[in-house]
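This one's a predicted model, so the numbers in the text were calculated from it and none came from an experiment. In what follows, chains are A, B, ... by sequence order, proteins preceding strands, each numbered from 1.
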Amino acid sequence: MNPHESALLEDLNPPQREAVLHGDGPLLVLSGAGSGKTRVITRRVANLVKVRRVFPWRILAVTFTNKAAREMRERLVQLLGAQANDLVVSTFHSSAAMILRREAEHVGLTRSFVIYDDGDQLNVVKRAMREAGIEQSMQPREILHRIDQEKNAARLPEHMVVEPGDERGMLVRRVYAAYQERLRAANAVDFGDLLLLLVTLFRTRPDVLENYRRRFHHVLVDEFQDTNPVQYELLKLLAPPPSANLVVVGDDDQSIYRWRGADVDNILNFPQQYPGARVVKLEQNYRSDQNILDAANDVIRRNPRRMDKKLWSDRPRGADLTLLLNRDERAEAQEVARQILALQREGLIRFSSMAVFYRVNAQSRVLEEALRLARVPYTLVSGRSFYDRAEVRDAAAYLRLMVNPRSDADLLRIINTPARGIGDTTVERVTDHANSRGVSLYEALSQPESIPDLNTTAVKRLKGFRNLVASLATFALDAKDAASAVEQMLLETKLVDSLQAEGSDESQTRAENLREFLGAAQEFDLNRAAAAVAAAKNAAEVPPEVDAAPLTADVPPLQAFLEQISLVGEADAEVGEGRVALMTLHAAKGLEFDAVFLPGMEEGVFPHARAVKAEAMQHDDEAPRDTDPTEEMAEERRLCYVGFTRARKRLFVSLAQCRSLFGELRYNPPSRFLQDVEPKRFGISEQDLTTRARPPSTAAVAPRKRTWDEDDGPRIDRSYSQASDDMDGVGGDVRGMRVRHEQFGLGRIIAADGSGPNAKVTVEFGGGVGLKRVIARFLMPG
DNA sequence: TTGAAAGGAATTTTT
DNA sequence: TTCCTTTCAA
C-alpha cells in the first residue's frame with residue numbers, strides 16, 4: 001500500500017474507508033450524527049490528491065456555512081499542505097458568486113455587481129410595490145418570502161405557477177418581475193440570484209457550462225440534506241447523472257431548513273436521481289454516551305419516511321438524562337444556571353464544554369439574566385451581528401456605491417447619512433424623476449436642476465452628495481487595497497466624525513465599530529496578500545484547454561472585501577473561551593458539547609406552536625396548502641434529534657409549568673418529545689414502569705400518553721430554588737380537595753405525602769384516567 | 001426634518 | 001413583553 005494511503009486510512013472504520021476509497025461515480029454517504037463525516041470528506045479529498053494524483057484545482061467541495069468551509073479547509077491544509085490552496089472549498093453562495101462574477105456579462109451584469117442582503121431586498125420590494133401602486137394589498141415581507149421561495153425552487157417570474165383566480169399569486173408574480181428588473185438595473189443580485197442566475201446561465205449556455213465541467217472532475221457536498229432545488233439543480237448541471245463524480249454527504253434526520261426551501265427529498269431520492277450511486281452508511285457514533293443516543297433514537301424513530309439507518313456506539317451507557325421541572329421560565333433559568341455551576345464545581349466539565357439550546361431567540365433573555373446573576377460566563381452565539389449594525393451597514397453601503405454607483409438601494413440608504421438635509425420629500429422627487437426616465441438615482445443626480453419641484457437648497461445639497469460619491473468612486477478605481485478605500489470613505493463622508501460629535505455613549509460605540517470595520521478591511525488585505533503568495537508558489541502544470549485559475553483571480557480588492565462582507569460575515573466569534581454557549585437549536589447543528597441543556601421542552605415552545613397548530617388543522621379544509629403539517633412536525637422532531645445528539649456526556653431537558661411569552665401567561669403541557677423518551681433513560685427501571693398502577697386503557701390505546709410525572713417519574717432534580725417557595729404546596733389536610741391537572745383533567749385528592757412544592761399526591765381523575773400520583777405543583781385548584 | 005407616540009407583530013435565518 | 005415600523009405633530 002502507498003504510504004500516503006495507509007496514513008490517510010488510519011483510524012477509519014470500514015464504512016468510512018469505503019467512502020474514502022470509493023472510485024469514480026456518484027456516492028451518497030449517509031452519516032448519522034457524530035459519525036465522523038467531516039473526517040471522511042477531508043480524507044477523501046486528500047486521497048484524491050495524494051494517492052490518485054488528481055489536481056487540486058479539479059476538486060470542488062461545497063458546504064452551507066462559512067464556518068464549515070473554513071474548518072474543512074483548515075483540515076485539508078493539515079493533510080495536504082500548500083496544495084490545499086488550489087482546492088475550491090467554499091459555500092454554495094460563494095462559489096456561485098465567484099463563477100458569476102467571471103461570467104457576469106452573460107447574465108446582464110457587470111463584474112462589479114453588488115450583493116443585496118435581506119434588508120436591501122425588502123426595500124426593493126417596497127419600492128417596486130409603491131411604484132406599481134399596490135402598497136396596501138399585501139405585506140412586503142410576505143411577498144419577499146414568496147419571491148425567495150420561488151428562487152429556491154429555481155423559478156423565474158415567468159416560470160411561476162399561478163392558478164387562475166389566485167389574486168395573491170398574480171400579485172407576487174408581478175412584484176417579482178418588477179423586483180428582478182430593479183435588481184438588474186442596479187447591477188445587483190440577491191442571495192437567491194447567485195444560484196438562480198448561475199443555473200439559468202448554465203442551462204442557456206452549454207459552452208460556458210462545459211468549461212466548468214471540464215475543470216471540476218470531483219464535486220463533494222456537505223450537509224446535502226439541506227440543499228434546496230436550485231442548489232441541487234446546480235450540482236446536477238456541474239456533475240450530471242448518472243455517472244459524474246458527485247459525492248454527497250448528509251443525514252436526512254438532520255434536515256432542519258425546510259422553511260428556507262431545503263427539500264429532504266433531495267437526499268431521500270438521490271439513489272433514483274443517480275441510479276447506480278453507491279450508498280455508504282456511517283452508523284457508528286463516536287460522540288454521545290449510549291443513554292443520550294438511545295434517547296435521541298426514541299425521538300427520531302417516530303418520524304415516517306427516513307433512510308434506513310441505526311446509530312450505535314460502543315461508548316459507555318453514561319449518566320442518566322436529567323429532567324428539570326420548574327414553576328416558570330425564570331425558575332427554570334435559575335435552575336439551569338445552578339446546574340451549570342454544579343457541573344463546573346464537580347470539575348469534570350468546563351464552562352466551554354457546556355451549551356444551552358433554545359427553540360426561539362425570545363427564550364434567551366431570561367436565560368442570560370439568570371446566568372449573569374449566577375456569575376456564569378456565557379457567550380450568545382448569534383448570526384452576524386457585527387455587520388448587521390446600522391453604522392457598519394451604512395459604511396458598507398458607501399463602499400458598494402463606490403464600486404457600483406447604480407446601486408439604488410445603497411444610495412437611498414446613505415443619501416442622508418450622516419444627516420445632510422436631504423429629506424423624504426426631496427428623495428421622493430428624485431426617485432420619481434429617475435423612474436420616469438428609467439435611469440438610476442445616481443444618474444438622475446448628475447443634473448439635479450432638471451428634477452421638477454426642487455428648490456435651490458435641495459439642488460445644492462444633492463450636488464454636494466453626488467460629488468462626494470463621484471469622488472469616492474474615482475478613488476476606489478485605483479485603490480491598491482480595501483483598507484485605503486475604507487479609510488478614504490470614512491474621511492470624506494465624515495461618518496466617524498459626525499458620530500463623535502453626537503457625544504452620547506452609544507454614538508461613541510458606533511464610532512468605535514466603524515474603526516473596527518476599518519480594522520477588518522486591513523486584516524482582509526493581509527490575508528489576501530498571504531493567499532496570493534501561497535497560490536503563486538503553487539503554479540501547477542495544467543492542460544491548456546482547461547481554465548484552472550483560482551476562481552477569485554482578477555477581482556479588485558475592494559470588491560473582494562465587499563463580497564466577503566456580504567457572504568462571509570465576520571470572522572466567526574469563536575465560541576468564547578471558558579464560556580457557556582447560548583444559541584438556538586438551529587445554530588447548534590454541527591457542534592458538540594459535553595453537557596447540553598434544553599430548556600422549554602413544552603408543547604407550543606418545542607415543538608413550536610406553529611407546528612402544533614398546523615398539525616391540529618391538518619384535517620381542516622382551510623389548512624394553508626403551501627404547508628405540509630406533518631412535515632412541519634417531523635422537522636421539529638428532527639430539530640430535537642439534532643439537539644439531543646449534540647451532547648457527549650450529559651443531557652438536561654427542562655420545562656416550566658407556566659411561562660410568559662409575548663406578555664401572555666401560558667400553561668404548556670410537556671413536550672411530546674419528552675414523552676417519547678423511554679423512562680429508563682432517565683434512570684427509571686422497566687420494572688418500575690410495569691408495576692406502576694396504571695389504567696391499561698391509557699397505556700394500550702395511546703402509548704404516547706405515557707407520562708413521566710406519575711409515581712417516581714424520571715430523575716427529577718430536587719434542588720428547587722427559593723423562587724419556588726411561594727408555590728402552592730401541600731399544607732394541612734388536602735384529602736378530598738378537587739383539583740385540576742393540565743393533562744389529566746379534573747380529579748379529587750385521595751392521599752398525600754410530603755409537603756412543599758414537591759409533595760406528591762394521589763389523585764383520582766375522571767374521564768377514564770383513574771388513579772395517578774402526581775406532583776402537587778402540577779395541580780391547580782379545580 | 002426630526003422626534004415622540006402609537007400600533008402591530010413576534011419561529012428557525014447556513015447565504 | 002419588546003421591538004420595530006409607521007404615523008403624527010412641532
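- When the P atom of C:dT1 is taken as reference, atom CD of A:Glu329 falls 12 Å away, rounded to whole Å.
- Remark: A:Asn228 is not in phosphate contact with B:dT15, judged by side-chain N or O atoms under 4.0 Å from OP1 or OP2.
- One finds a side-chain N or O of A:Asn66 lying less than 4.0 angstrom from the OP1 or OP2 phosphate oxygen of B:dT15.
- What separates CD of A:Glu369 from C1' of C:dT1 is a distance of 12 Å, to the nearest Å.
- Backbone-only contact: A:Lys126 has heavy atoms under 4.0 Å from sugar-phosphate atoms and none from a base.
- OP1 or OP2 of C:dT2 lies within a sub-4.0 Å distance of a side-chain N or O belonging to A:Arg365.
- A donor and an acceptor atom, one from each side chain of A:Tyr179 and A:Asp190, are located under 3.5 Å apart.
- For A:Thr227 and A:Asn266, the side-chain atoms include at least one donor-acceptor pair closer than 3.5 Å.
- Looking at which nucleotide of DNA chain B each of A:His93 and A:Arg461 is closest to, the 5′-most match is held by A:Arg461.
- In this model, a donor atom of one side chain and an acceptor atom of the other lie less than 3.5 Å apart for A:Ser660 and A:Glu329.
- A gap of 16 Å separates the P atoms of B:dT12 and C:dT5, to the nearest Å.
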Quick one: which protein N/O atoms are closer than 3.5 Å to N/O atoms of nucleotides 8-12 of chain B? Pair and distance per line, please.
| from | atom 1 | to | atom 2 | distance (Å) |
| --- | --- | --- | --- | --- |
| B:dT11 | O4' | A:His608 | NE2 | 3.2 |
| B:dT11 | O4 | A:Arg610 | NE | 3.3 |
| B:dT12 | OP1 | A:Asn361 | N | 2.8 |
| B:dT12 | OP1 | A:Asn361 | OD1 | 3.3 |
| B:dT12 | O4' | A:Arg359 | NH1 | 3.2 |
| B:dT12 | O2 | A:Trp259 | NE1 | 3.2 |
| B:dT12 | O2 | A:Arg359 | NH2 | 3.2 |
| B:dT12 | O2 | A:His586 | NE2 | 3.4 |

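- Counting non-hydrogen atoms under 4.0 angstrom, A:Leu122 reaches nothing in the nucleic acid.
- For A:Asp424 and A:Leu585, each mapped to the nucleotide of DNA chain B holding its nearest heavy atom, the one lying further toward the 5' end belongs to A:Asp424.
- Rounded to an integer number of Å, the gap from A:Arg389 CZ to C:dC4 P is 13 Å.
- Salt-bridge formation is not detected for the pair A:Arg365/A:Glu368: no Lys NZ or Arg NE/NH1/NH2 atom is positioned less than 4.0 Å from an Asp or Glu carboxylate oxygen.
- Nucleic acid contact for A:Asp226: base, since at least one base atom lies under 4.0 Å from a heavy atom of the residue.
- Side-chain polar atoms of A:Gln225 and A:Asp253 form no donor-acceptor pair below 3.5 angstrom.
- A:Tyr212 and A:Glu103 form a side-chain donor-acceptor contact under 3.5 Å, judged by distance and modelled atom types alone.
- A cation-pi arrangement is absent between A:Arg637 and A:Phe673, since the terminal nitrogen or guanidinium carbon is not both under 6.0 Å from the aromatic centre and inside a 45° cone about the axis.
- Counting non-hydrogen atoms under 4.0 angstrom, A:Gly192 reaches nothing in the nucleic acid.
- Judged as a side chain to side chain contact (heavy atoms under 4.5 Å, CB included), and not counting sequence neighbours, the contacts of A:Ala611 are A:Glu632, A:Met633, A:Glu636.
- When the P atom of C:dT1 is taken as reference, atom CD of A:Gln363 falls 19 Å away, rounded to whole Å.
- The interatomic distance linking A:Asp117 (CG) with B:dT14 (P) rounds to 12 Å, in whole Å.
- Atom-to-atom, CZ of A:Arg330 to P of C:dT1 comes out at 13 Å; the value is rounded to the nearest Å.
- If you check every strand for non-hydrogen atoms under 4.0 Å, A:Ala419 touches sugar and phosphate atoms only.
- Annotated as syn: B:dT11, whose glycosidic dihedral is within 90° of 0.
- B:dT15 atom P lies 13 Å from atom CG of A:Asp222, rounded to whole Å.
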